[in-house]
S.K.: 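I have a structure here, written as structure tokens, and I will follow up with some questions on it.
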Protein chains: 2
Amino acid sequence: MKYYQREGLLPAGERTAPNQVAYSGEHVQRVRLIRALLETGGLSIAAAKDVISALDASDAPLSETFEVAQHAMSTPRTKESEPSESARARVAAIVVSRGWAFSADNPGIDAAARALDGLSAIGFDAPDAYLEAYASAAASAAAADLRALSERTSRDAIAELMVVGTVLGDPLFAGLRRVAHEDATHEMFATQSPK
Amino acid sequence: MKYYQREGLLPAGERTAPNQVAYSGEHVQRVRLIRALLETGGLSIAAAKDVISALDASDAPLSETFEVAQHAMSTPRTKESEPSESARARVAAIVVSRGWAFSADNPGIDAAARALDGLSAIGFDAPDAYLEAYASAAASAAAADLRALSERTSRDAIAELMVVGTVLGDPLFAGLRRVAHEDATHEMFATQSPK
DNA sequence: ACTATCGGATAGTGCTACTATCCGATAGTG
DNA sequence: CACTATCGGATAGTAGCACTATCCGATAGT
């Protein structure tokens, strides 16, 4: 906690006396947020710092705040190698066919392309139907994110949800997909008894 | 590379002479797979080792192989705290309402619950519609995974795709969701010029 | 006055994922 | 057949990250 303050993640508490500091409920919430970003979102301290300072910069335009969140997520813990050009083209093709507007340097393209490269390392060249299913799942999730955003009124509340939702949406999906997998395999290997 | 051999991720090459070793194309595929697991999948060396030794254990039952993959993904880089009981209940309710069969200790439940906790740390209590959207996205992805599996014939090929697909499906989705986000925000902030 | 506690600063720790160096032996070359 | 260059293998060292422990001076309470 003193460590987080040092790193600039957590503001100092309110001075009540020269050697006493009081922490409000807001601080507690902030700590929870930091831990969620670090543990659940898998961000590094540096990335989390970028995210929370974007949250606190209430005067920055929303689009900029969003970019910070996108960027924080693509700060990998281990260095990432370049995806193959064919995988990138594959992803771009699927995305274009869905009519999405995107810029060529969107790091999501590379991230998806790297996943495709990994799959082809075991000889699985993802068919269009597979990619389409994932793209459509991603579109549904993104649409849900947007709807959630539109229900908030204040600029700060929108910025917060935008940033945190960007980071925490992935683990939310990942967890649910794992449960869905278990359900699917229950049917596949009917050997184990259900629930 | 020698490091990977030391850690048991990569088998030794074929001896051609007492001090010469030849590497086949299989080795380079294996290296690609390892790097995909580590960099793209975000696994630790230890988790990747579990995964690849599960792949090589061709005689283990498929359900067991699958569990190894599930477990490897839930080996976090930073220690994870317990999710709140209410968030767990929330996830369980959504999952039950979809009629999924799952065991109470499925780590996906906790992962999703932690994400929910993080969201509520900024005052966002995910509405049912939001969770439903993510659950349905997860179901579609899981179904696509299953279909891909069913197109492979040999037991080894199925095990491989099961394990690697479990690990790499998340980053694939994550990348695509980020592109979808950019598309969505393009419409939201019509200030920047498209493409 | 006296001690106990607090905030703040500095230095140290444990872990992970590599990387560099050394060494003895063999492969290729004249 | 000698000589050097290279190779695999083993051991030790490194860099970065996320903390954690210790010290210190000052103030709060008795």
Side-chain angles (χ1 to χ4, degrees), chain A residues 1-28 30-53 71-82 114 118 121 167-168 171, chain B residues 1-28 30-53 71-82 114 118 121 167-168 171:
Chain A
M1 149 136 178
K2 302 219 274 188
Y3 171 68
Y4 289 155
Q5 290 186 340
R6 216 170 33 245
E7 300 293 325
L9 295 184
L10 196 61
E14 197 162 336
R15 267 274 121 64
T16 59
N19 71 337
Q20 296 294 101
V21 174
Y23 294 100
S24 64
E26 217 170 285
H27 277 87
V28 172
R30 173 55 65 88
V31 169
R32 267 202 262 279
L33 173 60
I34 291 170
R35 308 238 33 110
L37 256 25
L38 293 183
E39 295 174 4
T40 310
L43 299 191
S44 67
I45 293 279
K49 179 181 172 175
D50 290 348
V51 166
I52 69 113
S53 48
H71 181 259
M73 292 178 60
S74 54
T75 305
R77 223 156 263 270
T78 62
K79 200 165 293 173
E80 290 182 344
S81 48
E82 285 291 301
R114 268 189 294 266
V167 173
L168 293 185
Chain B
M1 150 135 178
K2 303 221 272 187
Y3 170 68
Y4 290 153
Q5 290 185 343
R6 222 176 20 250
E7 299 294 323
L9 295 184
L10 196 61
E14 197 160 335
R15 265 276 120 64
T16 59
N19 71 338
Q20 296 294 99
V21 174
Y23 294 99
S24 64
E26 217 169 285
H27 276 87
V28 22
R30 174 55 64 90
V31 170
R32 268 201 262 278
L33 173 60
I34 291 171
R35 308 239 33 112
L37 255 28
L38 293 184
E39 296 174 5
T40 310
L43 298 191
S44 67
I45 294 278
K49 179 180 173 174
D50 290 348
V51 165
I52 69 114
S53 48
H71 180 259
M73 290 178 59
S74 55
T75 304
R77 223 157 263 269
T78 62
K79 200 164 292 170
E80 289 182 346
S81 48
E82 285 292 301
R114 268 189 293 267
V167 173
L168 293 186

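We name chains A, B, ... by the order of the sequence lines, and we start the count at 1 in each one.
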S.K.: Can you tell me how far P of D:dA18 sits from CD1 of A:Ile34, to the nearest Å?
M.R.: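 Result: 13 Å.
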S.K.: Look at all strands and tell whether B:Ser44 reaches a base, only sugar-phosphate, or nothing, counting heavy atoms closer than 4.0 Å.
M.R.: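 Sugar-phosphate contact only.
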S.K.: Which nucleotide sits closest to the side chain of A:Tyr4: D:dT11, C:dA17, D:dC19?
M.R.: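 Nearest to the side chain of A:Tyr4 among the choices is D:dC19.
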S.K.: Using purine N1 to pyrimidine N3 plus N6-O4 or O6-N4 for Watson-Crick, or N1-O2 and O6-N3 for G-U wobble, each under 3.5 Å, what pairs with D:dA28?
M.R.: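 With both distances under 3.5 Å, D:dA28 matches C:dT3.
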S.K.: From the set D:dG9, C:dT19, C:dT10, return the single nucleotide nearest to any side-chain atom of B:Gln5.
M.R.: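 Closest nucleotide to the B:Gln5 side chain: D:dG9.
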S.K.: Measuring only between side-chain heavy atoms, which start at C-beta, is A:Val51 closer than 4.5 Å to A:Leu37?
M.R.: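 When only atoms from C-beta onward are counted, A:Leu37 and A:Val51 do touch, with a gap below 4.5 Å.
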S.K.: Choose from C:dC18, D:dA10, C:dG8 the nucleotide whose nearest atom is closest to any side-chain atom of A:Lys2.
M.R.: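 For the A:Lys2 side chain, the nearest candidate turns out to be C:dG8.
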S.K.: Can you check the A:Lys79 NZ to C:dT16 C1' distance for me, whole Å?
M.R.: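 Taking NZ of A:Lys79 and C1' of C:dT16, I get 15 Å after rounding.
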S.K.: Measure from the side-chain heavy atoms of B:Ile45 and tell me the nearest of D:dC19, D:dT20, C:dC18.
M.R.: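 In terms of side-chain proximity for B:Ile45, the closest of D:dC19, D:dT20, C:dC18 is C:dC18.
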S.K.: Where the side chain of A:Val21 is concerned, which of C:dG7, C:dT10, C:dA17 is the nearest nucleotide?
M.R.: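 Taking heavy atoms from C-beta onward, the closest nucleotide is C:dG7.
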S.K.: For the pair made of CG in B:Leu37 and C1' in C:dT16, what is the distance, rounded to whole Å?
M.R.: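 So the two atoms are 17 Å apart, to the nearest Å.
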S.K.: Indicate whether the side chain of A:Tyr23 and that of A:Arg30 have a donor and an acceptor atom separated by less than 3.5 Å.
M.R.: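 No, no side-chain donor-acceptor contact under 3.5 Å.
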S.K.: To the nearest Å, how far apart are A:Glu80 CD and C:dA17 C1'?
M.R.: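 Rounding to the nearest Å, CD of A:Glu80 and C1' of C:dA17 are 16 Å apart.
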S.K.: With nearest nucleotide decided by heavy atoms, which residue, B:Tyr23 or B:Thr78, maps closer to the 5′ end of DNA chain D?
M.R.: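 Nearer the 5' end of the strand: B:Tyr23.
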S.K.: Write down the partner of D:dT11 under the Watson-Crick or G-U wobble criteria, each distance required to be under 3.5 Å.
M.R.: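 By the stated definition (distances under 3.5 Å), C:dA20 pairs with D:dT11.
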S.K.: Quick one: does any side-chain atom of A:Arg114 pair with a main-chain N or O of B:Ala36 as donor and acceptor, under 3.5 Å?
M.R.: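 No, the answer is negative, given that no donor and acceptor are paired below the 3.5 Å cut-off.
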S.K.: Could you check how far NZ of A:Lys49 sits from P of D:dC17, rounded to whole Å?
M.R.: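 Rounded to whole Å, this separation is 13 Å.
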S.K.: Do B:Glu80 side-chain atoms and A:Thr40 backbone N/O form a donor-acceptor pair below 3.5 Å?
M.R.: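 Side chain of B:Glu80 to backbone of A:Thr40: no pair is present.
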S.K.: Could you please name the partner base of C:dG30, counting Watson-Crick and G-U wobble pairs only when both distances are under 3.5 Å?
M.R.: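 C:dG30 is paired with D:dC1.
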S.K.: Both B:Tyr3 and A:Arg6 contact DNA chain C. Taking the nearest nucleotide for each, which residue is further toward the 5' end?
M.R.: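 Comparing both residues, the 5'-ward one is A:Arg6.
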S.K.: Please name the pair of heavy atoms, one in B:Gln5 and one in B:Pro11, separated by the smallest distance, quoted to 0.1 Å.
M.R.: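 Result for this residue pair: NE2-O, 3.7 Å.
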